[in-house]
Number of protein chains: 2
Amino acid sequence: MIRIVLVDDHPVVRAGLRALVESQPDLAVVGEADGAEAAMTVVGNTAPDVVLMDLSLGAAAVGGAEITARLRTLPEPPEVLVLTTYDTESDILRALDAGARGYLLKDAPSEDLFAGIRATARGETVLAPTVAATLVRRTSNPAPTITEREVQVLELLSRGLGNKEMARELFVSEATVKSHLSHIYTKLGVDTRAGAVAAAIERRIIRT
Amino acid sequence: MIRIVLVDDHPVVRAGLRALVESQPDLAVVGEADGAEAAMTVVGNTAPDVVLMDLSLGAAAVGGAEITARLRTLPEPPEVLVLTTYDTESDILRALDAGARGYLLKDAPSEDLFAGIRATARGETVLAPTVAATLVRRTSNPAPTITEREVQVLELLSRGLGNKEMARELFVSEATVKSHLSHIYTKLGVDTRAGAVAAAIERRIIRT
DNA sequence: CCGTCCGATAGCCGATTGGATGATGCCGGG
DNA sequence: CCCGGCATCATCCAATCGGCTATCGGACGG
């Protein structure tokens, strides 16, 4: 019997997943959580084999990747299977970096989900086809890395700040801001502030 | 017995909703659909009382609002209850304009969902609290209307075009483009191109 | 029928941006 | 130990941007 904890902030989805999972004789839901704290508590108390994690934890302050990382620090950490709507590169990488065993999309058939849970419990890695493809493309096509500082600049940029204002906000000179911007333009393949914001949002480097 | 058809492109969510709904003795799922065409067919064949519509129909070409509108053109149209993750103003307005009876969010408790379905079947209007609040704020605070021309400018803007390039693209003078931009800034409450792009994406005036 | 509102159009001008070029200190990997 | 990448700062300058002001024509209401 595979013991499962559900982490998802949507009661409807949680209840639905529970119903689905429990239709399988070898799977049992031993706990549910709707956020980071609840997840830590429930997992600590129930020591499940697998955690089904919804990454799109709404507007929660703590993302699913963060929770995954924290869960993996527990003694006898559970295997984490991420189940999400998004297949964005940064989401995937963050989740896998955080220690997730698998990454499935919500539009997968139920059978794939069950198979994924069982494989995850055995310690195998499970990836949705599109996710695997993304990873392959990624390794062959190294995406430029946006540094933390550059992300900060992008956030200010999306709020419409000028170079002078950004400089003040970041406690650096205007020249430095312009330098960061130039690098951002190169990495995102754009040459204007507006284009940079659109590209950054599209790649989920920043969120609105 | 209230007869229900589920429309959602996620098998997991569909199966989950079905399990949830069927736990209620007075509710029955008589059909499921994962897209626009399937929805029309299934609803036509089963003549349900209520359609549970997931607006976030992934990257489908036809949005939930569109499907809702089409369903309402059927003879003896079903009542449509929208169930979605998003509470963006434009999403809400589109859905209600399309003829949806209610608008619930996925983070609502199951009981609210059941109550919503029953109310919808009786022809009552059901709105999630945040949705209702948004509508109220909206009526008291009339949102500025972005004209079609301005949307075109915003789209080009998000692609990083300069005023000259936009002017060429739209067959107008550069001065005209700048004028449109000024109006856009006023309406979106920003004063830079970057801010305008972020605001436009956030309000779903344009999509990435 | 007339006044008003508003979208689309347009030009001027000072402020801002983006590109080019170069330099310094720091840190981590080979 | 040296190299590369990141963050920092500086300067010059042409091109672009954003604010201000104004005209025109169609829609709408009185």
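FYI, side chains are in, hydrogens and waters are out, and symmetry mates aren't considered; it's all heavy atoms of this structure. Letters A, B, ... mirror the listed sequences (proteins, then strands); counts begin at 1. The shown structure was predicted, so the numbers you read here are calculated from the model rather than taken from an experiment.
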**Asked** Which whole-number value in Å describes the distance from A/L181 CG to C/dA20 P?
**Response** 15 Å
**Touch class at under 4.0 angstrom, heavy-atom based, for B/T147 against every strand present** = sugar-phosphate
**Item:** A/R149 side-chain N/O to D/dC6 phosphate OP1/OP2 under 4.0 Å
**Value:** no
**Request:** Decide yes or no, distance alone: a donor-acceptor N/O pair under 3.5 angstrom between the base of C/dT9 and the side-chain of B/S179.
**Result:** yes
**Request:** Look at A/D54 together with A/R14 and state whether they make a salt bridge at an N to O cut-off of under 4.0 Å.
**Result:** no
**Request:** Using the salt bridge (Lys or Arg N to Asp or Glu O under 4.0 Å) rule, take A/R118 and A/E124 through it: C-alpha gap first, then chi angles, then the decisive distance, then the call.
**Result:** CA-CA 9 Å; A/R118 296 189 186 103; A/E124 298 171 16; over 6 Å; no
**Request:** Check the distance between D/dT8's P and A/E148's CD and give it to me in whole angstrom.
**Result:** 11 Å
**Distance in angstrom units between A/M166 CE and D/dA7 P, rounded** = 15 Å
**Request:** Would you mind telling me which residue lines up with the more 5' stretch of DNA chain D, A/E174 or A/T192, judged by nearest nucleotide?
**Result:** A/E174
**Request:** Answer with yes or no whether the side chains of A/S179 and A/T176 bring together a donor and an acceptor at under 3.5 Å.
**Result:** no
**Asked** Which whole-number value in Å describes the distance from A/N163 CG to D/dA10 P?
**Response** 14 Å
**Complete:** Separation of C/dA10 atom P from B/H183 atom NE2, nearest Å, is 14 Å
**Message:** Please pick, from D/dC17, D/dA7, C/dA10, the nucleotide with the shortest atom-to-atom distance to any side-chain atom of A/H180.
**Reply:** D/dA7
**Item:** Closest listed nucleotide, where the reference is the side chain of B/A175 and the choices are D/dA10, D/dA7, C/dA10
**Value:** C/dA10
**Sugar-phosphate, base or nothing in reach of B/K164, heavy atoms under 4.0 Å** = sugar-phosphate
**Asked** Are A/E165 and A/R159 close enough for a salt bridge, meaning some N to O gap below 4.0 Å?
**Response** no
**Message:** Can you tell me which nucleotide in C/dG19, D/dT8, C/dG7 comes closest to the side chain of A/V172?
**Reply:** D/dT8
**Prompt:** Which listed nucleotide (D/dC9, C/dA10, C/dG18) is nearest to the side chain of A/T176?
**Reply:** D/dC9
**Asked** Between A/R3 (side chain) and A/T46 (backbone), is there a donor-acceptor pair under 3.5 Å?
**Response** yes
**Prompt:** How many Å lie between CG on A/D191 and P on D/dC17, as a whole number?
**Reply:** 10 Å
**Request:** Figure out the NZ/C1' separation between A/K178 and C/dG18, and round it to whole Å.
**Result:** 6 Å
**Interatomic distance, A/Q152 CD vs D/dC6 P [rounded to whole Å]** = 15 Å
